[in-house]
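What follows is a single structure, written as C-alpha cells, with notes after it.
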Number of protein chains: 2
Amino acid sequence: MARTQGSHSDITGPRVREAALRLFALHGYAAVSMRKIAAEVGVQAGALYNYTPDKQTLLFDLMRTHMEDLLAAWEAAAPAPETGAAAALEAFTRFHIRFNTRRADAVFVSYMELRNLEPENFNVIEGLRRDYETAAEAILRRGVAEGRFAVAEPRIAAMALIALLTGVNTWFRERGRLSLGEVETVYWDMVRRMVANQG
Amino acid sequence: MARTQGSHSDITGPRVREAALRLFALHGYAAVSMRKIAAEVGVQAGALYNYTPDKQTLLFDLMRTHMEDLLAAWEAAAPAPETGAAAALEAFTRFHIRFNTRRADAVFVSYMELRNLEPENFNVIEGLRRDYETAAEAILRRGVAEGRFAVAEPRIAAMALIALLTGVNTWFRERGRLSLGEVETVYWDMVRRMVANQG
DNA sequence: GGTTTATCTGAACATCCGTTCAGATCAAGG
DNA sequence: CCTTGATCTGAACGGATGTTCAGATAAACC
C-alpha cells in the first residue's frame with residue numbers, strides 16, 4: 001500500500017513545512033525527528049524526502065522564507081522616504097509587532113535555531129537579519145539628520161529597538177487584556193520617548 | 001583501569017556543570033549527548049551519574065542556579081528603598097547589563113531551553129523569572145507614585161525593559177568598540193527617556 | 001601498610017536517529 | 001482502458017542515544 005488517496009505534492013509540501021515549523025518551535029530542531037514530522041503530516045518518514053533533500057535544508061528553508069517575507073513585507077509597508085522619520089519609526093514599530101505576533105513560530109525558530117544551521121546557511125540568515133537591522137538604523141539616522149531624534153548610537157539603538165519590540169512575542173496572547181492595536185500604541189509610546197529629542 | 005590520578009568530586013562536579021553549560025549554550029540541550037559532556041570533562045559517560053541523577057536534572061539545576069544567582073545578586077545590589085526610583089532604575093539597568101554579559105552562556109540556556117524542561121521544572125524557572133520581572137515592575141510603579149515616571153503599563157514596560165537590556169547579549173563583545181561601562185551608559189540614556197515624565 | 005570507600009571504566013541494554021530505495025499504488029493523459 | 005509517472009510505503013542501514021552496573025582503581029584513614 002502506497003500513495004494514499006488524494007495525495008498531492010501541492011498539499012503535502014506545505015503541510016510538511018507547517019508541521020516542521022510548529023514542531024521545531026515547540027520542541028526544538030534537534031529534538032524533533034523526521035518521523036515525528038511525518039507522523040504529524042500522516043505519512044511515512046521516507047516520503048518527506050520528496051519535499052526536502054535533508055532535515056537541515058528543511059530548517060534553513062523555513063528560516064530563509066521567514067526572513068525574506070519579513071523584509072519584503074516591510075519594503076511594502078514602509079512609508080515613502082519624503083515622509084518624516086517619526087512617521088517611519090511609528091510605522092516600523094507597528095509593523096514589527098503586528099508581523100511578528102502573527103508568526104510567532106517562525107520568529108521563534110529563526111532566532112532559536114541559528115546555532116543548528118551549518119555555517120554557510122547561518123551566514124545567509126545572518127545577512128538577512130543584518131539587512132533588517134540596517135533598515136531600522138536608517139530610520140533612526142534620518143531622524144537624527146532631521147533634528148527630531150537624539151540617538152547617540154544608531155546601530156545599537158536599532159538593535160535595542162528590535163529586541164524591545166520582539167519581546168512582545170514572549171507574553172502577548174490574542175484575546176488577552178489588550179488588543180494588538182493597543183499593544184502597538186503602548187510600545188510606540190515607549191519608542192517615541194526613547195528616541196525623542198527633548199528628554 | 002578506573003579512577004584516574006587526582007580525581008575528586010570537588011573538581012569533577014564543577015567541571016561537569018561548566019562543560020554542560022558551555023555545550024548546551026553552543027549546540028542546544030537536545031543536540032548535546034552525555035557522552036560529549038563526558039568527553040569535554042575527560043571522563044566516561046557513566047561517571048557523570050555521580051553528579052546528576054539524569055540529563056534533565058543537570059539542565060534544570062543549571063537554570064535554577066542561574067536564576068537564583070540573578071535574584072540574589074540584584075537583592076544585594078539594589079539601592080535602599082528610600083533612594084529615588086530614578087536611581088533604582090539606573091542601578092537596575094547597569095546591574096542587568098553587567099550581570100548578564102558576564103554570564104552569556106547561562107542567560108542563553110535559561111531562555112532557550114525552557115521548552116526542554118519537564119512541566120514541573122518549567123514552573124519553577126518561570127516563577128523565578130516572574131520574581132525578577134516583578135522587581136523591575138516595582139521600580140517603575142515607585143517612579144509613577146513619585147510622579148517622576150510616566151508609564152501607562154508597568155508590567156508590560158518591565159518586560160519591555162528586560163527584553164531591551166537582555167538584547168545587549170546578542171551583540172556585545174569584550175574588547176569591542178565600547179566598554180561595558182559605556183554600553184551601560186548608552187542603555188541607561190535610552191531607558192531614562194523611555195520612562196521619563198516629560199516626553 | 002593494609003583496609004575502606006569514593007570514584008571511574010568499559011561494556012551492555014533497548015531504542016531512536018537520518019537517510020536510502022525497491023516496489024506498490026493511484027491520478028492523470030492519450 | 002491502458003500506460004505513464006509522480007507519490008508513498010515499509011523495511012533496512014550503520015550509528016548514536018540515555019542510563020545501568022559489575023568490577024577496577026587509587027586516595028584517605030587507621
Side-chain angles (χ1 to χ4, degrees), chain A residues 1-24 26-63 109 113 115-118 120-121, chain B residues 1-24 26-63 109 113 115-118 120-121:
Chain A
M1 10 180 151
R3 177 151 207 192
T4 25
Q5 229 170 356
S7 64
H8 284 297
S9 178
D10 314 359
I11 296 174
T12 309
R15 289 192 60 203
V16 168
R17 287 188 287 276
E18 283 161 23
L21 184 62
R22 215 181 67 81
L23 292 176
F24 287 165
L26 201 54
H27 303 113
Y29 172 75
V32 174
S33 66
M34 294 299 268
R35 283 172 178 82
K36 284 179 190 152
I37 298 171
E40 183 94 351
V41 176
V43 109
Q44 293 298 316
L48 299 183
Y49 291 84
N50 290 321
Y51 303 98
T52 182
D54 48 44
K55 192 186 176 191
Q56 165 75 201
T57 305
L58 178 55
L59 172 64
F60 173 60
D61 284 343
L62 289 172
M63 294 172 70
V109 168
E113 305 298 353
R115 60 190 169 183
N116 285 312
L117 287 177
E118 288 162 10
E120 197 177 341
N121 294 340
Chain B
M1 10 177 153
R3 180 152 206 191
T4 25
Q5 231 171 353
S7 64
H8 285 296
S9 179
D10 315 359
I11 296 173
T12 310
R15 290 193 60 203
V16 167
R17 288 188 287 276
E18 284 162 23
L21 184 62
R22 215 181 65 82
L23 292 175
F24 287 165
L26 202 52
H27 302 113
Y29 172 74
V32 174
S33 67
M34 295 299 269
R35 284 171 179 83
K36 283 179 192 153
I37 298 171
E40 183 93 350
V41 177
V43 108
Q44 293 297 317
L48 298 183
Y49 290 83
N50 290 320
Y51 304 99
T52 183
D54 48 43
K55 192 186 176 190
Q56 166 74 200
T57 306
L58 179 55
L59 173 64
F60 173 61
D61 284 343
L62 289 172
M63 293 172 70
V109 168
E113 304 298 354
R115 60 188 169 183
N116 285 311
L117 288 178
E118 288 161 10
E120 197 177 342
N121 294 339

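All chains are named by letter (A, B, ...) in the order of the sequence lines, taking the proteins before the strands, and each is independently numbered beginning at 1.
- Rounding to the nearest 0.5 Å places CE of A:Met63 at 12.0 Å from CG of A:Leu58.
- Listed nucleotides: C:dC8, D:dT9, D:dT19. Nearest to the side chain of A:Gln44: D:dT9.
- The stretch residues 49-62 of chain A participates, sequence neighbours left out, in these side-chain hydrogen bond (donor to acceptor under 3.5 Å, both in side chains) pairs: A:Asp54-A:Thr57, A:Gln56-A:Asn121, A:Asp61-A:Arg64.
- Contacts with DNA chain D (heavy atom under 4.0 Å) in residues 14-24 of chain B: none are found.
- In this entry the distance linking CG of A:Leu48 with P of C:dC17 reads 13 Å, nearest Å.
- Within the 4.5 Å cutoff, the side chain of B:Phe24 has heavy atoms near those of the B:Ile37 side chain.
- Scored by the salt bridge (Lys or Arg N to Asp or Glu O under 4.0 Å) test, B:Arg22 finds B:Glu40 as partners (sequence neighbours excluded).
- Nearest-nucleotide assignment on DNA chain C puts the 5′-proximal partner with A:Tyr29, out of A:Ala47 and A:Tyr29.
- Atoms CG (B:Asp54) and P (D:dT20) sit 8 Å apart, rounded to a whole Å.
- A:Ile37 has its CD1 atom 8 Å from the P atom of C:dG18, to the nearest Å.
- Heavy atoms only, all atoms of each residue included: A:Leu48 and A:Val43 are closest at CD2-CG1, 4.3 Å.
- Scanning all heavy atoms of the two residues, the minimum distance from B:Lys36 to B:Ala31 falls at NZ-O, 3.3 Å.
- When each of D:dT19, D:dC8, C:dT19 is scored by its nearest atom to the side-chain atoms of A:Tyr49, the top-ranked nucleotide is C:dT19.
- Among the nucleotides C:dT7, C:dT9, D:dT19, the one closest to any side-chain atom of B:Asn50 is C:dT7.
- Residues forming a salt bridge (Lys or Arg N to Asp or Glu O under 4.0 Å) with A:Glu18 (at least two apart in sequence, or on another chain): none.
- Nearest nucleotide to the side chain of A:Val43, out of C:dC8, D:dC8, C:dT20: D:dC8.
- Among residues two or more places apart in sequence or in another chain, the salt bridge (Lys or Arg N to Asp or Glu O under 4.0 Å) test is passed with B:Arg115 by A:Glu113.
- Contact check, A:Thr12 against D:dT7: no side-chain N or O comes under 4.0 Å of OP1 or OP2.
- Atom-to-atom, OH of A:Tyr51 to P of C:dT19 comes out at 17 Å; the value is rounded to the nearest Å.
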Between N or O atoms, less than 3.5 Å apart, protein on one side and nucleotides 14-17 of chain D on the other: list the pairs.
unit_1 : atom_1 : unit_2  : atom_2 : d
D:dT17 : OP1    : B:Ser33 : OG     : 3.1

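- Across A:Val41 and A:Arg15, no two heavy atoms sit closer than the pair O-NH2, 3.1 Å.
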